[in-house]
**Student:** 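Provided herewith is a single structure, encoded as structure tokens, for subsequent inquiry.
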Amino acid sequence: MRLVFLGPPGAGKGTQASRLGEEWGIPQISTGDVLRQAVADQTPQGVEAKACMDAGQLVPDEVVIGIVRDKLASPECAKGFILDGFPRTTGQAASLGDILTGFSAPLDRAVAFQVSEKSLIERLSGRRTCSGCQAMFHVVFAAPKADGVCDRCGAALIQRDDDQEAVIRKRLEVYQQSTQPLLDYYANLGLLVNVPAETSADQVYSDLKAALAR
Ligand code: AMP
């Protein structure tokens, strides 16, 4: 299946995409993860993206569209994929449509995860990310066994620069302005599926699978 996961930062898109991708054997493509890796590797793309990311702003369309085009052309995407965090603007959505038309592989669904702003701020400000394997934890809702250490790989847990409260508010504002219009965009194409995402990760996962089976 070819899927797009939409929703504000902190809605749990990444967690759900990783679980579904593993179960269905299709890759999760997170533009945020690719960009963070580029920043860590100090590639030209990473250097260009860093200032936007630190400010909670979107990275220019041409950078992220290039990343997605390369990923989608790879053989591992032949059976399907889950795009997590892309598209985020109507320009990106139109480009994605063009890329997929070129591959004669149209999108099957766009899934929108719905969470209140209060919960998003709570989730994001307590979030900790593994500096090694990128696994996610939360100081209250999903605490690691040992403080500050990843349960999976033992590397240090860090708070992403863009998970500081002032940047979170900016990211939510950018979401409302630039990405929310995509809900109508995909609804008009008859592809939108809504999944309430205020509950536990397990509940959201079973609601997600039920919604995709309809
Ligand atoms: P995420 O991990 O998806 O929350 O993304 C972290 C940051 O990466 C965002 O705040 C943006 O600065 C950048 N980013 C990720 N995906 C995109 C995208 N599709 N378009 C523009 N910027 C993006």
Side-chain angles (χ1 to χ4, degrees), residues 3-18 20-21 27-72 81-100 107 110-113 115 117 119-131 133-138 157-183 185-186 197:
L3 301 172
V4 157
F5 279 10
L6 302 168
K13 301 181 297 292
T15 306
Q16 300 297 331
S18 143
L20 190 69
Q28 165 198 14
I29 302 167
S30 159
T31 41
D33 284 350
V34 175
L35 288 167
R36 276 184 288 280
Q37 190 59 53
V39 170
D41 296 343
Q42 298 187 327
T43 66
Q45 230 173 23
V47 172
E48 190 178 350
K50 187 174 181 342
C52 300
M53 294 173 78
D54 286 349
Q57 301 281 8
L58 295 182
V59 170
D61 278 0
E62 52 292 0
V63 175
V64 275
I65 291 167
I67 291 172
V68 169
R69 184 179 292 115
D70 291 349
K71 292 268 177 196
L72 294 181
F81 54 79
I82 305 171
L83 278 169
D84 158 19
F86 181 96
R88 264 167 145 107
T89 63
T90 43
Q92 292 179 12
S95 296
L96 175 63
D98 292 345
I99 294 168
L100 293 178
L107 207 60
V111 180
F113 293 91
V115 188
E117 180 162 330
S119 304
L120 293 172
I121 292 174
E122 240 168 49
R123 286 182 186 185
L124 290 170
S125 54
R127 188 157 83 169
R128 299 293 179 269
T129 306
C130 174
S131 54
C133 71
Q134 310 297 321
M136 294 278 194
F137 296 86
H138 191 281
L157 300 183
I158 51 162
Q159 182 174 34
R160 274 168 45 178
D161 290 342
D162 62 352
D163 279 345
Q164 316 282 342
E165 187 156 342
V167 185
I168 292 170
R169 289 192 186 278
K170 183 70 208 170
R171 289 164 69 202
L172 293 175
E173 199 184 303
V174 168
Y175 172 78
Q176 266 160 14
Q177 276 167 10
S178 304
T179 311
Q180 197 132 293
L182 291 185
L183 303 186
Y185 179 95
Y186 284 114

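Counting starts at 1 for both ligands and their atoms, in listed order. Residue numbers start at 1 and run along the sequence shown.
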**Student:** Could you tell me, atom by atom, which parts of ligand 1 come under 4.0 Å of a heavy atom of Asp162?
**Tutor:**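 Answer, ordered by atom number: 6 (C).
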**Student:** Output all residues satisfying ring-ring contact (aromatic ring centres under 6.0 Å, His included) with Phe5, sequence neighbours left out; order by chain, then residue number.
**Tutor:**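 Expected list: Phe113.
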**Student:** What pairs with Asp163 under side chain to side chain donor-acceptor pair (under 3.5 Å), at least two apart in sequence or on another chain?
**Tutor:**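 Residues passing side chain to side chain donor-acceptor pair (under 3.5 Å) with Asp163: Arg127, Arg171.
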**Student:** At a 4.0 Å threshold, what atoms of ligand 1 neighbour a non-hydrogen atom of Gln92?
**Tutor:**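 Numbered from 1, ligand 1 contributes 18 (C), 19 (N), 20 (N), 21 (C).
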**Student:** Looking only at distances, can you tell me whether any N or O atom of Gly85, backbone or side chain, sits closer than 3.5 Å to an N or O atom of ligand 1?
**Tutor:**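 Yes, Gly85 has an N/O under 3.5 Å of an N/O on ligand 1.
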**Student:** Using side-chain contact (heavy atoms from CB on, under 4.5 Å) as the criterion, point out the one residue from Val4, Leu96, Ile29, Val34 that pairs with Phe86.
**Tutor:**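 Checked Val4, Leu96, Ile29, Val34 against Phe86; only one passes side-chain contact (heavy atoms from CB on, under 4.5 Å): Leu96.
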**Student:** Looking at atom 6 (C) of ligand 1, what's its closest protein heavy atom, distance included?
**Tutor:**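 That would be Arg36 NH1, 3.5 Å.
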**Student:** Under a 4.0 angstrom heavy-atom cut-off, which atoms of ligand 1 come close to Arg160?
**Tutor:**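 Atoms satisfying the 4.0 Å criterion: 1 (P), 2 (O), 4 (O), 6 (C).
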**Student:** Short question: side chain of Lys13, backbone of Ala112 - any donor-acceptor pair under 3.5 Å?
**Tutor:**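 Between the backbone of Ala112 and the side chain of Lys13 there is no qualifying donor-acceptor contact (under 3.5 Å).
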**Student:** Starting from atom 4 (O) of ligand 1, find the nearest protein heavy-atom neighbour and note its residue, name and distance.
**Tutor:**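 Its nearest protein heavy-atom neighbour is Arg171 NH2, 3.1 Å.
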**Student:** Looking at ligand 1, does any of its N/O atoms fall within less than 3.5 Å of an N/O of Val59?
**Tutor:**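 Yes.
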**Student:** Among all protein heavy atoms, pick out the one at the shortest distance from atom 14 (N) of ligand 1; state its residue, atom name and that distance to 0.1 Å.
**Tutor:**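 Result: Leu35 CD1, 3.5 Å.
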**Student:** So between Met53, Arg88, Lys13, whose heavy atom ends up nearest atom 5 (O) of ligand 1?
**Tutor:**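 Closest candidate by heavy-atom distance is Arg88.
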**Student:** Mark up the atoms of ligand 1 that fall under 4.0 Å of a heavy atom belonging to Gly32, in ascending order.
**Tutor:**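 That gives atoms 2 (O), 5 (O), 15 (C), 16 (N) of ligand 1.
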**Student:** Taking Gln159 for its side chain and Ser125 for its backbone only, find out whether a donor-acceptor pair lies under 3.5 Å.
**Tutor:**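 Side chain of Gln159 to backbone of Ser125, a donor-acceptor pair under 3.5 Å: yes, one is there.
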**Student:** Any donor-acceptor pair under 3.5 Å linking the side chain of Thr31 with the backbone of Gly85?
**Tutor:**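 At least one qualifying donor-acceptor pair exists.
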**Student:** Going by the order shown, which atoms of ligand 1 are within less than 4.0 Å of some heavy atom of Thr31?
**Tutor:**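 Listed by number with element: 15 (C), 16 (N), 17 (C), 19 (N).
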**Student:** Quick one, Ile168 and Asp162 - any side-chain contact, counting heavy atoms below 4.5 Å?
**Tutor:**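 No. Closest side-chain heavy atoms not under 4.5 Å.
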**Student:** Show me which atoms of ligand 1 lie under 4.0 Å from any heavy atom of Leu58.
**Tutor:**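 Near Leu58, meaning under 4.0 Å from one of its heavy atoms, ligand 1 has 21 (C), 22 (N).
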**Student:** Do any N/O atoms on Asp33 end up under 3.5 angstrom from N/O atoms on ligand 1?
**Tutor:**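 N/O-N/O distance under 3.5 Å: no.
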**Student:** CZ/Arg160 to CG/Asp54 distance, rounded to the nearest 0.5 angstrom?
**Tutor:**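 If I round to the nearest 0.5 Å, the distance is 11.0 Å.
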**Student:** Atoms of ligand 1 less than 4.0 Å from Gln57 heavy atoms?
**Tutor:**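 Under 4.0 Å from Gln57, ligand 1 has these atoms: 11 (C), 12 (O).
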**Student:** Provide the number and element of each atom of ligand 1 under 4.0 Å from a heavy atom of Phe86.
**Tutor:**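 Selected atoms, number and element: 19 (N).
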**Student:** Among Met53, Gln45, Lys50, Glu48, find the residue that satisfies the side-chain contact (heavy atoms from CB on, under 4.5 Å) test when tested with Leu35.
**Tutor:**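 By the side-chain contact (heavy atoms from CB on, under 4.5 Å) criterion, Leu35 pairs with just one of Met53, Gln45, Lys50, Glu48: Met53.
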**Student:** Gln92 side chain to Arg88 main-chain N or O, any donor-acceptor pair under 3.5 Å?
**Tutor:**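 Yes; judged by distance alone, with no hydrogens or angles, the pair exists.
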